[in-house]
Amino acid sequence: MKTVRVRVRRQDGPGKPSRWEEFALPYQPNMNVIFCLMEIQRNPVTAQGARTMPVVWESHCLEEVCGACTMLVNGKVRQACSALVDQLAQPIVLSPMTKFPVQRDLVVDRRRMFSDLIKIKGWIPIQGSYDLGPGPRMSPSDQEWAYTLSTCMTCGCCLEACPNVNDASGFIGPAAISQARLFNTHPTGKMNAAERIEALMEPGGISDCGNAQNCVEVCPKQIPLTTSIGSMGRAVSLHALRRLLGD
């Protein structure tokens, strides 16, 4: 019977030593990596016949929408739900992202990404919970490119691929910069544009981008992250100049 071999990097908890375990699974047509992990969960026995603990991972939508199942698959950061076994070299090597603290096995703590969204005020402020009526209108062309930016699922792919995101840097990363651009161009979000720009002027802000452009290569939603970084870089420069001249 044809089998699928899967190597998983295991870690029992934060700060614990890691180890590799290999599994052999019966092949089925149209398998994806999540299916493989579910099979291991049902029968956690290694390829050597040793019983082990089920592999821990995260998944929710299974449609590449939530970003929860992001991990390294054969060394490339991507979503496990869209990684088809038939398109992968074996053994399939699964490991957690390296730019986030490992919680256990393939689960990482992406809390820093949500903290960065708070820092750049990644939301539209609305006063009260009552009906405010229809909001400001946007042209179809603005809606089209803004929608692309709004598809960001905070998966962490861009941070994982960015060489400027590391232990020695506080770089905020491409995702938060792109979201700042999204909300700064929204008719209501413009009211807080200066606050978002000033957040990007702080240490770890947009000036720490090294323009490696890895982020745009790995983004599963094909968000034009480098375009957003360039746009916000211009906005930061203009804001700094106006502040210098006392405008």
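Because only heavy atoms are used, hydrogens play no part in the values below, and waters and symmetry mates are left out as well, while side chains stay in.
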Between [X] and [Y], does any side-chain donor sit less than 3.5 Å from a side-chain acceptor?
{"X": "N214", "Y": "E217", "result": "no"}
{"X": "S82", "Y": "E64", "result": "yes"}
{"X": "Q79", "Y": "T70", "result": "yes"}

Are [Y] and [X] connected in a single hydrophobic cluster, I mean Ile/Leu/Val/Met/Phe/Trp/Tyr linked by side-chain heavy atoms less than 4.5 Å apart?
{"X": "M201", "Y": "I120", "result": "yes"}
{"X": "L72", "Y": "V6", "result": "no"}
{"X": "L25", "Y": "M38", "result": "yes"}
{"X": "V33", "Y": "F23", "result": "yes"}
{"X": "Y27", "Y": "V73", "result": "yes"}

Measure the shortest side-chain to side-chain distance between [X] and [Y] over non-hydrogen atoms and say whether it is less than 4.5 angstrom.
{"X": "R234", "Y": "H239", "value": "no"}
{"X": "F183", "Y": "R196", "value": "yes"}
{"X": "T188", "Y": "P136", "value": "yes"}
{"X": "T226", "Y": "C215", "value": "yes"}
{"X": "M153", "Y": "K221", "value": "yes"}
{"X": "I197", "Y": "N184", "value": "yes"}
{"X": "P174", "Y": "L159", "value": "yes"}
{"X": "P96", "Y": "V107", "value": "no"}

Crowding at CD, Q48 (>12 non-hydrogen neighbours, <6.0 Å): yes
More than 12 heavy atoms of other groups within 6.0 Å of M53 CE: no
Residue of the set L94, V56, L106, D105 for which side-chain contact (heavy atoms from CB on, under 4.5 Å) holds with R10: D105
Out of curiosity, [X] [atom1] to [Y] [atom2], how far, rounded to the nearest 0.5 Å?
{"X": "R137", "Y": "D142", "atom1": "CZ", "atom2": "CG", "value": "12.5 Å"}
{"X": "E63", "Y": "C69", "atom1": "CD", "atom2": "SG", "value": "11.5 Å"}
{"X": "F100", "Y": "M113", "atom1": "CZ", "atom2": "CE", "value": "5.5 Å"}
{"X": "L149", "Y": "T185", "atom1": "CG", "atom2": "OG1", "value": "7.0 Å"}
{"X": "N30", "Y": "D86", "atom1": "CG", "atom2": "CG", "value": "6.5 Å"}
{"X": "M191", "Y": "H186", "atom1": "CE", "atom2": "NE2", "value": "9.5 Å"}

Check against side-chain contact (heavy atoms from CB on, under 4.5 Å), R78 and C157: CA-CA 7 Å; R78 61 182 302 180; C157 284; 5.5 Å; no
W145 six-ring centre to R181 NZ/CZ under 6.0 Å and within 45° of normal: yes
Stepwise side-chain contact (heavy atoms from CB on, under 4.5 Å) check, C158 with L225: CA-CA 9 Å; C158 57; L225 294 168; 3.9 Å; yes
Measure across [X] and [Y] and return the closest heavy-atom pair with its distance rounded to 0.1 Å.
{"X": "V216", "Y": "I223", "answer": "CG2-O, 3.6 Å"}
{"X": "G173", "Y": "V165", "answer": "CA-CG2, 4.5 Å"}
{"X": "A47", "Y": "A24", "answer": "CB-N, 4.1 Å"}
{"X": "M97", "Y": "G156", "answer": "SD-O, 3.9 Å"}
{"X": "G67", "Y": "C155", "answer": "CA-CB, 3.7 Å"}
{"X": "F171", "Y": "C162", "answer": "CE2-SG, 3.8 Å"}

Residue pairs, two or more places apart or on separate chains, that pass side-chain hydrogen bond (donor to acceptor under 3.5 Å, both in side chains) and touch residues 146-166: T98-E160
Note: D12-R19 ion pair, threshold 4.0 Å (strictly below): yes
E22/R5 salt bridge by N-O under 4.0 Å criterion: yes
Determine whether a donor-acceptor pair (N or O, by modelled atom type, separation under 3.5 Å) exists between the side chain of [X] and the backbone of [Y].
{"X": "N74", "Y": "A89", "answer": "yes"}
{"X": "Q11", "Y": "G13", "answer": "yes"}
{"X": "D116", "Y": "A176", "answer": "no"}
{"X": "S231", "Y": "T227", "answer": "no"}

M31 vs L84, side-chain contact (heavy atoms from CB on, under 4.5 Å): CA-CA, chis, key distance, verdict: CA-CA 6 Å; M31 294 174 69; L84 300 179; over 6 Å; no
Any residue meeting salt bridge (Lys or Arg N to Asp or Glu O under 4.0 Å) with R51, in chain and number order, not counting sequence neighbours: none
With sequence neighbours excluded, residues passing salt bridge (Lys or Arg N to Asp or Glu O under 4.0 Å) with E39: R42
Full working for side-chain contact (heavy atoms from CB on, under 4.5 Å) between Q90 and V4: CA-CA 7 Å; Q90 293 194 39; V4 178; 4.0 Å; yes
